[in-house]
Amino acid sequence: MSLDTNSYRGARDLYPEDMRLRNYIFNTWRQVVERYGYEEYDAPLLEPIDVYAAKSGEEIVSEQTYQFTDRGDRTVAIRPEMTPSVSRMVAARRQEMPYPARLFSISNFMRYERPQKGREREFWQLNVDLFGVENIAADIEIITISDAILRAFGADRKMYTIRINDRRLTDFMMTNYLGLDVIQANLMIKLFDRKNKISPADFKQQAEDIFGTEVAPTGLAKLSKLIGAKSMADLPRELADSDTLDDLKKLFAALKSAGINNAKFDITLMRGFDYYTGIVFEVFDEAPENNRAMFGGGRYDGLIGLFGVDPLPVVGMAPGETMLVEFLRAHNLLPKSESTTDVYMIVLGDSLNGAEKLATKLRDEGVNVAVDISGRKLDKQIKSAVKMKVPYMLFVGENELSDEIYTLKDVAKSTEEKLSFERIVTSVRDYRRKSDVGDDF
RNA sequence: GCGGAUGUAGCUCAGUUUGGUUAGAGCGCUGGAUUGUGGCUCCGGAGGCCGUGGGUUCGAGUCCCAUCAUUCGCCCCA
């Protein structure tokens, strides 16, 4: 019996052409967040299980983490997310960190889930967190960066929407306005989460069940006022007077003046229930075939305190690679895939020694060169170069070596020029400079 | 965890309804012809446990059961 060549379920093999796309995404992420002054960190792949159990729901941890007992009898989990780890790291240096602390990481995670479109068992995420700022400026910065990231991939603001809500408003709404107890509020939050997936009639029916028959009529009336609110101005008086709206107003004003015209207030936005304490937001893909939340984030001021130090305010977000690729594909923003090798050297006749020497000289000038050392016929060598998507081929034979004039072929344009060594170097450099600053990479 | 669809050559698929000799096509791959230049042309070749395991049958790619995988929904999504 032979071994299976398939990769582990929900985890992908990345061949060079896949890795080119991943590198493009990671490089773009890194470039944007570093421009905002964020610095990179990393944490171990494994954490003690308690780190997750304390923060998230118990059943999520037991059913969806990869966990095992190590040789020292400790129960550990492969990280399913970064937030607990980075919180642990910041808590450990609570007193000595420079604040505001701006941190990011690009790391892989694993969750034991059923793989489907846009979701894998092993996945990569950018995590961006801003520690130590209580005021709304931190929330503004994180949302602005979310926008900047998508813009950096060439996205137009018509392609996505940023939906924003505030957890404090949700709490006030559930408890004071709708008069729900904790259990009812929980159910209502789950129902709000499902709002776009079910019919209005089903929504109404399920809401009625939550209210109970006695209070349902007044409850439903209040609910429909909420759902109908397209902006903060439409909110019922009881909510509109609440203090948290000042923050939201400042936030929207700031986003507007930054040109972010696709941010919308959405009272129904929930984002789970667990640990958010203020602003929450989600970035939605507006492509019809893909209409759903791509990623999100928000403020979670309570987590650092779990590690036995004074609490610290935090705002963070985490876009994933998988969803982003779906977004780029849907909007035709995928870059053209090209080899990192600049020049594929095609060796004619007995010229291998001379070709290798020339390759070394080119490499000394920073040109990436692959020499075809196979000794195959010309057309086979050319086919390899085309398959690799190398931008240039360089033909090296006895005549070229004695004249020191070589034929450089542009693979895409199918044009060729006879050039000296120096001219080859400048041609390749010009090409690289152009493609690095363009929309494509 | 639940439901639907799909697994045949490297890839895209036909063949399955109605079981019947050596399982096909296009592209790709490979050898050659012609070219000091591929994405032209011509001639030849290799490559399949028909996802896997069991069952029915004289006989299974085809029918039945199970299982695994892919995929679309549901649940969930820290």
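The chains referred to below are lettered A, B, ... by the order of the sequence lines, with proteins before strands, and numbering in each begins at 1.
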Which nucleotide in A78(B), C72(B), G38(B) has an atom nearest any side-chain atom of R114(A): C72(B)
Whole angstrom value for the distance that separates C1' of G39(B) from CE of M388(A): 17 Å
Length of the line joining Q64(A):CD and C75(B):P, which is rounded to integer Å: 14 Å
Y431(A) ring center within less than 6.0 Å of Y392(A) ring center: yes
Proximal nucleotide (of A69(B), U37(B), G38(B)) relative to the R9(A) side chain: A69(B)
Complementary nucleotide of C2(B), counting Watson-Crick and G-U pairs under 3.5 Å: G73(B)
Atom pair distance, as rounded to whole Å: NZ in K387(A) and P in G10(B): 14 Å
Atom-to-atom span, CD of Q381(A) to C1' of U37(B) - whole angstrom: 11 Å
Pair assignment for U41(B), Watson-Crick or G-U wobble, requiring both distances under 3.5 Å: A33(B)
Test item: R94(A) side-chain N/O and P311(A) main-chain N/O as donor-acceptor pair under 3.5 Å: yes
Candidates U37(B), C77(B), U71(B) - which lies nearest the side chain of K190(A): C77(B)
R194(A) CZ to C75(B) C1', straight-line distance once rounded to whole Å: 10 Å
Interatomic distance at P, A33(B) relative to C49(B), whole Å: 32 Å
Touch class at under 4.0 angstrom, heavy-atom based, for E400(A) against every strand present: base
Pairwise C1' distance for G53(B) and A69(B), with rounding to whole Å: 15 Å
Base partner of C13(B), which must satisfy Watson-Crick or wobble distances under 3.5 Å: G24(B)
Atom P, compared across U57(B) and A14(B): separation rounded to whole Å: 32 Å
Spacing of the P atoms in G24(B) and C50(B) (rounded, Å): 14 Å
Residue I382(A), side-chain heavy atoms: nucleotide from A78(B), G3(B), U37(B) that is nearest: U37(B)
U30(B) to A9(B) separation - C1' atoms, rounded to the nearest Å: 14 Å
Strand partner of U18(B), provided both Watson-Crick or wobble distances fall under 3.5 Å: none
Nucleotide nearest T407(A) when distance is taken to its side chain, options U71(B), A78(B), U37(B): U37(B)
base_contact_polar (G39(B) base, S414(A) side chain, donor-acceptor, <3.5 Å): yes
P gap between U6(B) and U16(B), integer Å: 14 Å
K377(A) side-chain N/O to A33(B) phosphate OP1/OP2 under 4.0 Å: yes
Aromatic plane relationship, F192(A) with F203(A) - under 30° parallel, 30 to 60° tilted, over 60° perpendicular: tilted
Exam field: side chain D372(A) to backbone V347(A), donor-acceptor pair closer than 3.5 Å: no
Side chain of R271(A) (C-beta onward), nearest among A78(B), G38(B), U71(B): A78(B)
W124(A) ring center near F109(A) ring center (under 6.0 Å): no
Length of the line joining N399(A):CG and U37(B):P, which is rounded to integer Å: 13 Å
Nearest to side-chain heavy atoms of E113(A), which nucleotide of C76(B), C72(B), G38(B): C76(B)
Counterpart base for G48(B), defined by Watson-Crick or G-U wobble contacts under 3.5 Å: none
Separation of atom CZ in R121(A) from atom C1' in C76(B), rounded to whole Å: 14 Å
C27(B) to C40(B) separation - P atoms, rounded to the nearest Å: 11 Å
P-based separation of U41(B) from G61(B) [nearest Å]: 37 Å
For atom CZ of R119(A) and atom P of C75(B), their distance in whole Å: 11 Å
F153(A) ring center near Y24(A) ring center (under 6.0 Å): yes
Whichever of G10(A) and E416(A) has its nearest RNA chain B nucleotide further upstream toward 5': E416(A)
Of P80(A) and K380(A), the one whose closest RNA chain B nucleotide lies more 5': K380(A)
Mutual orientation of the aromatic rings belonging to F281(A) and F295(A) [parallel < 30°, tilted 30-60°, perpendicular > 60°]: perpendicular
